[in-house]
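First the structure, in the form of structure tokens, and then the observations on it.
Both counts, for ligands and for their atoms, begin at 1 and track the order of listing. We use all heavy atoms of the structure for the numbers below, so side chains are in, but hydrogens, waters and symmetry mates are not.
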Amino acid sequence: MYRTNVEQAVEKYRRHAPGYDASAARTMPLRRRVVGMLGLAPGETVLDVACGTGLSLPLLREAVGAEGRVVGVEVSPDMISLARERVAAAGWGNVSLFEASMEEAQLELQFDAVLFNYTHDVLQSPPALERIFASTRPGARIAVAGIKHPPPWLFPLRLYRLVKARPYVTTFRGLDRPWRLLEAYVADLRVEPVLFGTNYLARGTARKRPQ
Ligand SMILES: C[S@@+](CC[C@H](N)C(=O)[O-])C[C@H]1O[C@@H](n2cnc3c(N)ncnc32)[C@H](O)[C@@H]1O
């Protein structure tokens with residue numbers, strides 16, 4: 001069964017970490033949008049899947065407030081160390097970070113909401129999804145932003161998609177419907193292509209899991 005190539009992810013993000021925040025600045029409007037799609041309320045518990053340098057953490061922390069909880073999991077030591085600095089600088093006592101692959105993470109909470117912001121590799125990994133949804137309560141809100149192939153008739157954009165994505169992913173599998181494995185876990189997944197179909201937003205609610 002496919003799972004993330006962790007060594008490759010760690011190696012790629014060792015190189016990206018120092019410049020990551022600057023390169024992600026232009027995607028902040030989309031990040032705000034996807035976090036807004038979670039409809040977070042004060043006091044809730046939210047998981048930031050593959051949280052990277054923690055660019056979503058301020059938005060999530062603001063939405064759940066001091067009474068809520070934010071958990072970030074990230075496999076790259078270089079990326080998560082920047083997230084840790086962000087949390088320490090802000091002095092948030094209710095934001096917890098775990099250095100682990102999503103396939104191995106020990107998640108001891110039940111989440112009210114789960115954010116997948118540009119987490120293509122995780123979305124292609126059945127064991128990672130299994131672990132995430134074992135810790136997600138039925139009815140929890142799920143929001144996703146990510147990369148996808150544009151439609152076949154936009155052939156040059158498909159090449160652009162591959163070239164732009166290559167440094168940031170360890171697999172191109174599933175690029176036509178990157179959310180397809182989520183459908184088993186999310187009841188009413190609604191997908192909206194954005195940026196000429198080279199990216200997408202998706203949202204839905206977690207299904208009740210078989211006992
Ligand atoms: C494109 S970055 C996105 C980071 C963050 N979600 C954001 O919104 O800025 C993808 C991140 O996924 C992490 N990653 C890849 N596979 C992972 C896995 N199986 N478990 C945890 N993190 C993973 C990478 O190390 C990288 O930090």
> Under 4.0 Å from ligand 1, counting heavy atoms only, is it the side chain of Y168, its backbone, both or neither?
Replying inline: neither
>> Side chains of S96 and R69: any donor to acceptor distance under 3.5 Å?
In response: yes
>> Under a 4.0 angstrom heavy-atom cut-off, which atoms of ligand 1 come close to Y118?
In response: 1 (C), 2 (S), 3 (C), 10 (C)
> With a cut-off of 6.0 Å (strictly less than), are more than 12 heavy atoms of other residues, nucleotides or ligands near CZ of F196?
Replying inline: no
> How far is atom 12 (O) of ligand 1 from its nearest protein heavy atom, and which residue and atom name does that atom have?
Replying inline: A50 CB, 3.3 Å
> What protein heavy atom sits nearest atom 20 (N) of ligand 1, and how far off is it?
Replying inline: M102 N, 2.8 Å
>> Do E74 and R84 have side chains that approach each other closer than 4.5 Å (heavy atoms only, starting at C-beta)?
In response: no
>> Is it the case that atom CZ in R166 sees more than 12 heavy atoms from other parts of the structure closer than 6.0 Å?
In response: no
> Just wondering, are more than 12 heavy atoms of other shown residues or ligands nearer than 6.0 Å to CD in E62?
Replying inline: no
> Side chain, backbone, both or neither: which part of A100 has a heavy atom under 4.0 Å from ligand 1?
Replying inline: backbone
> Under 4.0 Å from any heavy atom of T4, which atoms of ligand 1 are there?
Replying inline: 16 (N), 19 (N)
> Between R3 and ligand 1, which residue portion shows a heavy-atom distance shorter than 4.0 Å: side chain, backbone, both, or neither?
Replying inline: neither
>> Distance under 4.0 Å to a non-hydrogen atom of G52: what atoms of ligand 1 satisfy this?
In response: 4 (C), 5 (C), 27 (O)
> Any heavy atom of Y20 sitting closer than 4.0 Å to ligand 1?
Replying inline: yes
>> Using a 4.0 Å heavy-atom cut-off, which part of R31 comes near ligand 1: side chain, backbone, both, or neither?
In response: side chain
>> I'd like to know whether ligand 1 has C51 as a neighbour, heavy-atom separation below 4.0 Å.
In response: yes
> On the ring face of Y2, is R173 found with NZ or CZ under 6.0 Å from the centre and within 45° of the axis?
Replying inline: yes
> Numbering the atoms of ligand 1 from 1, which are under 4.0 Å from a heavy atom of N117?
Replying inline: 3 (C), 5 (C), 6 (N), 7 (C), 8 (O)
> Looking only at distance, does D121 have an N or O less than 3.5 Å from an N or O of ligand 1?
Replying inline: no
> Under 3.5 Å, N or O to N or O, is E74 touching ligand 1 that way?
Replying inline: yes
> Does T136 reach the side chain of Q110, with side-chain heavy atoms less than 4.5 Å apart?
Replying inline: no
>> Determine whether T4 and D121 satisfy the following criterion, side chain to side chain donor-acceptor pair (under 3.5 Å), listing intermediate values before the conclusion.
In response: CA-CA 6 Å; T4 311; D121 291 345; 5.7 Å; no
> In terms of residue, atom name and distance, what is the protein heavy atom nearest to atom 23 (C) of ligand 1?
Replying inline: V75 CG1, 3.5 Å
> Looking at M79, which atoms of ligand 1 are within less than 4.0 Å of one of its heavy atoms?
Replying inline: 27 (O)
> Do any N or O atoms from the side chain of R158 and from the backbone of P150 form a donor-acceptor pair under 3.5 angstrom?
Replying inline: yes
> Is G54 in contact with ligand 1, taking contact as a heavy-atom separation below 4.0 Å?
Replying inline: no
> Angle class for the F116/F133 ring planes (parallel below 30°, perpendicular above 60°, tilted otherwise)?
Replying inline: parallel
> Who's the nearest protein heavy-atom neighbour of atom 1 (C) of ligand 1, and how far?
Replying inline: Y13 OH, 3.1 Å
>> Residue-level breakdown please: for V122 versus ligand 1, do any non-hydrogen atoms fall below 4.0 Å on the side chain, on the backbone, on both, or on neither?
In response: side chain
>> What verdict does the side-chain contact (heavy atoms from CB on, under 4.5 Å) test give for I132 and F111, after you've listed the backbone C-alpha separation in whole Å, the side-chain angles of each residue and the deciding distance to 0.1 Å?
In response: CA-CA 9 Å; I132 292 164; F111 295 101; over 6 Å; no
>> For L38 and L115: C-alpha separation, side-chain torsions, deciding distance, then whether side-chain contact (heavy atoms from CB on, under 4.5 Å) applies.
In response: CA-CA 8 Å; L38 289 172; L115 174 67; 3.9 Å; yes
